[in-house]
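Here's the structure, in structure tokens; my notes come after.
In this text the structure is predicted, and so the values were computed from the model without any measurement. Lettering follows sequence order; numbering is per chain, from 1. The basis for the numbers below is simple: all heavy atoms, side chains too, and nothing from hydrogens, waters or symmetry mates.
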Amino acid sequence: MIDLSRYRKDFPILNQTVKGRPLIYLDNAATAQKPLQVIGTVDQYYREYNSNVHRGLHTLSERATRAYEKAREKVARFIHAPRSEEVIFTRNTTESINLVAYTWARKFLKAGDAILLTEMEHHSNLVPWHLLREEKSIELRFIPVTPRGELDLQHLKQLLDGVRLVSVTHMSNVLGTINPVEVITEEAHAAGAKVLIDGAQAVPHMPVNVQDIDCDFYAFSGHKMCGPTGVGVLWARAEILRDMPPFLGGGEMIHEVHLNHSDYADIPNKFEAGTPNIAQAIGLGAAVDYLSRVGMENILQHEQEIGALAIEKLKSIKGLRIFGESEKRGAAISFEIEGVHPHDIATILDEQGIAIRAGHHCAQPLMRKFNVQSTARASFYFYNVPEEIDILVDALKTAKRLFGYVT
Amino acid sequence: MSLDALYQEIILEHYKNPRNFGKLDESRAKAHYENPSCGDQIDLQIVLNDDMVVEDIRFQGRGCAISQASASLMTEAVKGKPLDEVQKIIESFTSLMTGEGEITVELGDLEALEGVKKFPVRVKCAMLGWTALKSLLERETKS
Ligand SMILES: Cc1ncc(COP(=O)(O)O)c(C=O)c1O
């Protein structure tokens, strides 16, 4: 297995005990930890050049503006966006998707148009479309999920009939499945639909190239990729962004304001009303630098190896069922243990210093599909090591024993 | 270890073999409660007779050991009791969970749930059935 354990020392938070045991952090799909390089960058901004961007003519403001715009360029390069002005800083994936729903979809969709989603979407790629449907009589359709946890693309062509937008997750936060977004995009474009990809789980864990995917919109969150909370990204093609009305109105996003009307600034400022999340965006730039140094190919390889090993070892526990058996998958692993509810598992693991997630993972429709209320989920990142899997497996056996089952 | 205090044998036993589990006739008063953050759910039905005594009570639910065992223990504690005593049990159990207010009645087996107090995120689990009971009684005594 590729050894990336040397990077652990960059994450001070990992070096602590919880309930008297060394912390084992396996909730990376919820949010990732931050390396010193990111913490230091944010700290330095506040210590040395905190000031507003695009407004001041003074030295600090110039420095902040430069760092903020530099972060945009780094993010653009990271996802292979052709132009950095196509990168819009938002708060998170959720806001990025809502931005598309409130501006592009609101302007261009009309009654009777359809949006194609999938049964494995996070609530943040469902609810914005429910809200839009309340306003316009659009139709929502869903690509089904197979029992193996993959998208069933057999009837994609028929499903695409009359569809104006396809919005799909790149990697499932529950099943770990990496979806064939290139294939879906090609079919969608052939049917005249635009494509939005929810990359919240993909950008942190694998190389992403928006030009290769050829999608129209791509959304992700900084906090899941070692960046600060409070910053996310919407990437979209420049010509589409220029056609879209602004999202929020205020300072920063205007060209000229009169009492009764205003002209909007060009992209990206048009979509960044008000003082932006300057420190967070600069911190995200540092996270991108950091991840590039580790190497996204290395991260993907590590995740596939540690994921496969974890699945193999978890399967040795009798009565444990894993949700999602796609060949192409990341290291977010959902499971249940017969007779021990996921919340009880999470509590018992926490007592042993292990952080996992239990619940519906903001994917209730998917839970219903698999006929469960909730699952336990262990999700790995490049700083996790194989020894942590063994401790996890032992702790799960303890949980079974505590509930009176033989292990 | 505090885990043993949380998952006492009596709790696990009620989780595996819940008492008063099932459904009463559809015409009986019913409350459905769900914890939206975790999906635990409970359906509770109750029969109050003319003397305001809990003649029968049933629940159905899905969820963690704490929520289901607490509901099961609750049904045992209140079945056959007059309404005013049931109210005292509800208040006393709430006090046991929150550490606020007074415990004015013998809680018996319910005391096994005291360990939940040390796990603040799980108190909501323990209270699920009780929240359903409270709202059901409010409705029943109004009508
Ligand atoms: C697939 C997926 N989409 C969207 C989101 C939402 O991300 P955020 O809460 O950062 O907006 C998440 C995060 O949980 C996710 O896993």
Side-chain angles (χ1 to χ4, degrees), chain A residues 17-21 27 30 123 126-127 174 319 323 334 336-377 394-407, chain B residues 1-19 21 32-44 59-73 97 112-132:
Chain A
T17 55
V18 167
K19 315 256 169 141
R21 310 270 190 100
D27 195 17
H123 293 168
L126 292 170
V127 183
V174 177
F323 299 92
S334 285
E336 67 169 4
I337 295 178
E338 206 185 335
V340 191
H341 193 276
H343 296 128
D344 296 314
I345 295 178
T347 296
I348 295 167
L349 261 49
D350 183 55
E351 282 303 301
Q352 299 170 75
I354 306 170
I356 63 153
R357 169 98 190 258
H360 52 58
H361 316 290
C362 300
Q364 283 180 333
L366 185 63
M367 295 288 116
R368 267 176 227 120
K369 176 92 184 183
F370 280 91
N371 198 24
V372 288
Q373 256 180 322
S374 62
T375 70
R377 180 187 69 192
D394 278 347
L396 291 171
K397 288 183 177 165
T398 305
K400 276 190 73 180
R401 268 196 304 276
L402 198 71
F403 270 59
Y405 297 99
V406 284
T407 53
Chain B
M1 178 158 77
S2 48
L3 273 179
D4 295 319
L6 180 62
Y7 294 107
Q8 294 200 17
E9 216 165 296
I10 184 158
I11 293 177
L12 296 175
E13 207 271 315
H14 273 261
Y15 176 51
K16 288 175 191 168
N17 305 297
R19 317 297 199 274
F21 195 81
H32 174 84
Y33 261 77
E34 234 178 286
N35 180 346
S37 69
C38 66
D40 281 7
Q41 15 181 304
I42 192 151
D43 281 297
L44 189 70
F59 86 101
Q60 275 187 322
R62 280 175 88 182
C64 64
I66 305 300
S67 71
Q68 303 303 302
S70 181
S72 171
L73 285 158
M97 286 298 101
L113 285 157
E114 191 174 1
V116 178
K117 199 167 58 186
K118 293 198 209 76
F119 296 82
V121 292
R122 305 302 299 276
V123 168
K124 250 200 313 204
C125 308
M127 292 305 299
L128 186 67
W130 296 82
T131 313

Using a strict 4.0 Å threshold on nitrogen-to-oxygen distance, state whether A:R401 and A:D394 make a salt bridge.
no
List the atom of B:K117, the atom of B:M97, and the distance in Å for their closest heavy-atom pair.
CG-O, 3.4 Å
Heavy-atom pairs under 4.5 Å with chain B, option from A:K19, A:H341, A:M367 with the top count
A:H341
Indicate whether the side chain of A:S374 and that of A:H343 have a donor and an acceptor atom separated by less than 3.5 Å.
no
Interchain contact, B:E9 with chain A, by part (heavy-atom threshold 4.5 Å)
neither
Answer with side chain, backbone, both or neither: which region of B:I66 has an atom nearer than 4.5 Å to a non-hydrogen atom of chain A?
both
Look at B:E13 together with B:R19 and state whether they make a salt bridge at an N to O cut-off of under 4.0 Å.
yes
